[in-house]
Amino acid sequence: MSRKLHYPKIRDSRDFPLGKCIAFEKVDGTNLHFNWQRGDGWTFMGTRRDEFRLDKLGEASFRERHQHLADAGQVFRKGLCEPLTELLSSDRCHGWNEVAIFAEYVGPHSFAGLHKADDPKQLVLFDVEVNGDLIDPFEFVEVFSELSIARVVYQGKFTGNFAEAVRQGKYNVTEGVVCKTGSRGNVQMCKIKTNAYQALLKKSFGERWQDYWE
């Protein structure tokens, strides 16, 4: 079934507030989500635009719809599922009754959301929604840093100079970064991509490069 986006669209850096932020490496994969409810466990999975029950029938429907992501459920069970279940069930997450986990499905040669079938895949955690609100990025790092999360590239004041340094490739990232700030329920985000990644898209997709840019 389809509905509005499960994860919000991230804007560019033009209106991002100056001040304290965390910048995470923008993993070049496919955005997936996995839902957990206290007492019921893992209930749904899907992409940004759809959702399927996390059971045999639902996973079969997911695989039929997204053949290039066919093993995503298996990758989740072998990787993040067990440590996340333990963490979310602990006292540390008391009161977290409805949780959505957002992770990038990615392999060594994934590019612009496209994946090599023979590549080993992993899920890299990059955000968490609790009881309907995204937790703030500082809490995210504090709670989930022992798991496979997006690499923290920078912590400090957001400035135009920082954004330009990312574009010029000075932070050792391929696609770019996602900057986050704010508090739970009021998280603000922006993305900054590198000039080298833009050039690679143009080389790979020609006039269609912008289809893969945002």
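Nothing here was measured: the structure is a model prediction, and the numbers come from that model.
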Provide the closest heavy-atom pair for [X] versus [Y] in the form atom of the first, atom of the second, distance.
X      : Y      : result
Ser110 : His115 : OG-ND1, 2.7 Å
Leu147 : Pro83  : CD2-CB, 3.5 Å
Ala72  : Met45  : CB-CE, 4.1 Å
Met189 : Pro8   : CE-CG, 3.8 Å
Glu25  : Thr174 : OE2-N, 4.2 Å
Tyr7   : Arg48  : O-NH2, 3.1 Å

Give the ring-plane orientation class for His33 versus Phe102, where under 30° counts as parallel, over 60° as perpendicular and anything between as tilted. tilted

Taking the inter-plane angle between the rings of Phe52 and Phe62 on a 0 to 90° scale, is it parallel (under 30°), tilted (30 to 60°) or perpendicular (over 60°)? perpendicular

Are Asp118 and Lys116 close enough for a salt bridge, meaning some N to O gap below 4.0 Å?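 Salt bridge: no.
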
Find the distance between [atom1] ([X]) and [atom2] ([Y]) and round it off to the nearest 0.5 Å.
X      : Y      : atom1 : atom2 : answer
Ser204 : Leu114 : OG    : CG    : 9.5 Å
Asp136 : Glu139 : CG    : CD    : 5.5 Å
Asp40  : Asn35  : CG    : CG    : 11.5 Å
Leu125 : Asp127 : CG    : CG    : 8.0 Å
Ser148 : Leu80  : OG    : CG    : 6.0 Å
Lys202 : Arg208 : NZ    : CZ    : 15.5 Å

Verify the cluster assignment for [X] and [Y]: are they in a single hydrophobic cluster under the rule of side-chain heavy atoms below 4.5 Å apart?
X      : Y      : answer
Phe158 : Val178 : no
Leu18  : Phe138 : no
Val124 : Leu84  : no
Ile10  : Val187 : yes
Ile192 : Leu201 : no

Charged tip of Lys180 within 45° of Phe24 ring normal and under 6.0 Å: yes

Tell me which pairs pass side-chain hydrogen bond (donor to acceptor under 3.5 Å, both in side chains) where either residue lies in residues 73-86, with sequence neighbours left out.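 Residue pairs with at least one partner in residues 73-86: Trp42-Thr85, Glu59-Arg77.
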
Ring centre gap for Phe34 and Phe44 strictly below 6.0 Å: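 Between Phe34 and Phe44, the centre distance exceeds or equals 6.0 Å.
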
Exercise: do [X] and [Y] side chains pair donor with acceptor under 3.5 Å:
X      : Y      : value
Asp28  : Tyr197 : yes
Asn97  : Arg38  : yes
Asn186 : Ser183 : no
His6   : Asn31  : no

For Phe144 and Phe126, what are the C-alpha separation, side-chain angles and deciding distance, and is it a ring pair (Phe, Tyr, Trp, His ring centres under 6.0 Å)? CA-CA 9 Å; Phe144 295 96; Phe126 66 85; over 10 Å; no

Decide side-chain contact (heavy atoms from CB on, under 4.5 Å) for Trp209 and Leu200; before the verdict, give the C-alpha distance in whole Å, the side-chain angles of both, and the deciding distance to 0.1 Å. CA-CA 9 Å; Trp209 73 271; Leu200 187 58; over 6 Å; no

Evaluate Asp12 against Arg14 for salt bridge (Lys or Arg N to Asp or Glu O under 4.0 Å), listing each step before the verdict. CA-CA 6 Å; Asp12 61 31; Arg14 283 175 290 183; 2.7 Å; yes

Looking at side-chain heavy atoms only, is the closest gap between [X] and [Y] below 4.5 Å?
X      : Y      : value
Glu104 : Leu32  : no
Phe140 : Ile149 : yes
Trp36  : Glu98  : no
Val128 : Val99  : yes
Ser13  : Cys179 : no
Arg184 : Val130 : yes
Tyr171 : Phe162 : yes
Thr43  : Leu54  : no

Answer yes or no: is there a donor N or O on one side and an acceptor on the other, between the side chain of Asn131 and the main chain of Gly95, under 3.5 Å? yes

Measure from the side-chain N and O atoms of Asp119 to the backbone N and O of His109, and report whether any donor-acceptor pair falls under 3.5 Å. yes

Here's a test for you: under side-chain hydrogen bond (donor to acceptor under 3.5 Å, both in side chains), which of Lys191, Gln198, Lys26 qualifies with Glu175? Lys26

Each residue besides Leu57 in its hydrophobic cluster should be listed here, by chain and number; the cluster joins Ile, Leu, Val, Met, Phe, Trp and Tyr at side-chain heavy-atom distances under 4.5 Å.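 Leu57 clusters with nothing; isolated.
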
Could you please spell out the steps behind the side-chain contact (heavy atoms from CB on, under 4.5 Å) verdict for Phe16 and Thr181? CA-CA 9 Å; Phe16 193 75; Thr181 191; 3.7 Å; yes

